[in-house]
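First the structure, in the form of structure tokens, and then the observations on it.
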Amino acid sequence: GIVRPTHEIFNGRVTQIDNPSGISNHATHVAGTLVGNDNVQAGDVRGMASQASLQANDFNGDFPEMLQQASDGLLVSNHSYGFGADNLPLYFFGAYDETSAELDELLFNLPFYTMVCSAGNDRNDGHNPDDNGYDLLTDRSCAKNNITVAAVNEVTDYQNNFSVQMSSFSSWGPTDDGRVKPDISAKGVSTRSSTGGSD
């Protein structure tokens, strides 16, 4: 769907590249988490890159779009989408498949471009029960040359690695070939951001 470009935390810094149907709450929320400014709500909705500009695409045709836009100078892209685990066969979880390999080849040939993707939200939903909630990454999140991100609870006072608590829902690996994934994590629980319903 479309990122709501008129939302007050974007200040005209969002450009929708393609033309999907309808405004999407998910796309708008992710966009705010990425580039929302801190001029409203006492700064509580400041995004990770609050002065950046955002070019928004739907998820159709993402490989050719990544190739074209990275060739034109795009340095970072975010991909907060993937397969839901409900109807996937078990062999799909953790598999370094054709899509993973194709993505790695594309990223290898674009050395100044970084592709970030979400780990997914399927842990504790009863999928892949023999692995006790592990081994739930799929598709793009199993690639080697991207950055896969998990969601953790907010850390207000970091003391050591035990200060970081995994969310109850974020998917994690390892991949079937033994690599530790996700690569990084960030606050992803009760994150305040923009929605598509209003400006």
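All residue numbers in this chain count up from 1 along the given sequence. From a predicted model like this one, the values you see are computed outputs, not experimental measurements.
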> Is there a donor-acceptor contact under 3.5 Å from the side chain of Q16 to the main chain of A56?
Replying inline: yes
>> Give me the atom names and distance for the closest heavy-atom approach of E65 to N57.
In response: OE1-CB, 3.6 Å
>> Is there a side-chain contact between D139 and D97 in this structure, where contact means two heavy atoms from C-beta onward sitting under 4.5 Å apart?
In response: yes
> Among the clusters formed by ILVMFWY side chains lying less than 4.5 Å apart, do V40 and F10 turn up in the same one?
Replying inline: yes
> When rounded to the nearest 0.5 angstrom, what distance separates CD in E8 from CG in N37?
Replying inline: 8.0 Å
> Would M166 end up clustered with V149 when hydrophobic side chains under 4.5 Å apart are linked, directly or stepwise?
Replying inline: no
>> Grouping I, L, V, M, F, W and Y whenever their side-chain heavy atoms are under 4.5 Å apart, do L75 and I147 come out in a common cluster?
In response: yes
> Is the closest side-chain donor-acceptor distance between Q68 and D72 under 3.5 Å?
Replying inline: yes
> Which atom pair, heavy atoms only, marks the closest approach of T28 to S194?
Replying inline: O-OG, 2.7 Å
> Among T195, D199, N25, which residue meets the side-chain hydrogen bond (donor to acceptor under 3.5 Å, both in side chains) test with R4?
Replying inline: D199
>> Rounded to the nearest 0.5 Å, what separates atom CG in D104 from atom CZ in R140?
In response: 12.0 Å
> Quick check: does any side chain N or O of R13 sit under 3.5 Å from a backbone N or O of V35, one acting as donor and the other as acceptor?
Replying inline: yes
> More than 12 foreign heavy atoms under 6.0 Å from CZ of F63: is that the case here?
Replying inline: yes
> Which atoms form the tightest heavy-atom contact between A101 and Y96, and what is the distance?
Replying inline: CA-OH, 3.4 Å
> If you draw a 6.0 Å radius around CG in D86, do more than 12 non-hydrogen atoms from other residues or ligands fall strictly inside?
Replying inline: yes
> Once you round to the nearest 0.5 Å, how far does OG1 of T138 lie from NE2 of H127?
Replying inline: 11.0 Å
>> Between M66 and L103, does the side-chain contact (heavy atoms from CB on, under 4.5 Å) criterion hold? Intermediate values first, please.
In response: CA-CA 10 Å; M66 282 189 276; L103 177 59; 3.9 Å; yes
>> Walk me through whether D135 and D176 qualify under side-chain contact (heavy atoms from CB on, under 4.5 Å).
In response: CA-CA 8 Å; D135 191 18; D176 290 350; 3.4 Å; yes
> Does the side chain of S118 reach to within under 4.5 Å of the side chain of Y81, using non-hydrogen atoms?
Replying inline: no
> Can F93 and D131 be said to form a side-chain contact (heavy atoms from CB on, under 4.5 Å), step by step?
Replying inline: CA-CA 10 Å; F93 297 114; D131 285 339; over 6 Å; no
> Linking I/L/V/M/F/W/Y whenever their side-chain heavy atoms sit closer than 4.5 Å, directly or via other members, would L110 and M115 fall into one cluster?
Replying inline: yes
> How long is the gap from CD1 on I17 to CD1 on I2, to the nearest 0.5 Å?
Replying inline: 12.5 Å
>> For the residue pair S71 / Y113, report whether a side-chain donor-acceptor contact shorter than 3.5 Å exists.
In response: no
>> Check R123 with D125, please: is the shortest side-chain N to carboxylate O separation under 4.0 Å?
In response: no
> Roughly how far apart are T33 OG1 and R46 CZ, rounded to 0.5 Å?
Replying inline: 13.5 Å
>> Under a 3.5 Å distance rule, please check whether S170 uses its side chain to pair with a backbone N or O of N121 as donor and acceptor.
In response: no
> So if you build clusters from Ile, Leu, Val, Met, Phe, Trp, Tyr with side-chain heavy-atom gaps below 4.5 Å, do V116 and I184 land together?
Replying inline: yes
> Which is it for D183 and K181 under the side-chain contact (heavy atoms from CB on, under 4.5 Å) test, yes or no, and what are the steps along the way?
Replying inline: CA-CA 5 Å; D183 303 290; K181 283 275 190 174; 2.8 Å; yes
> Do V155 and Q165 come close enough that some side-chain heavy atom pair is under 4.5 Å?
Replying inline: no
>> Looking at Y91, I want to see if its OH is surrounded by more than 12 non-hydrogen atoms of other residues, nucleotides or ligands under 6.0 Å.
In response: no
>> Which heavy atom of D122 sits nearest to which heavy atom of S171, and what is that distance?
In response: N-OG, 3.0 Å
> Do you know which two heavy atoms are closest between A119 and T148, and how far apart they sit?
Replying inline: CA-CG2, 3.8 Å
> Does H29 use its side chain to pair, donor to acceptor, with the backbone of T191 at less than 3.5 Å?
Replying inline: yes
> Do other residues, nucleotides or ligands put more than 12 heavy atoms under 6.0 Å from F169 CZ?
Replying inline: yes
> Distance-only, no hydrogens or angles: does the N146 side chain make a donor-acceptor pair with backbone N or O of T114 under 3.5 Å?
Replying inline: no
> If every non-hydrogen atom of S163 is compared with every non-hydrogen atom of D157, which pair is closest and at what distance?
Replying inline: OG-O, 3.8 Å
> Out of curiosity, L90 CG to N128 CG, how far, rounded to the nearest 0.5 Å?
Replying inline: 5.0 Å
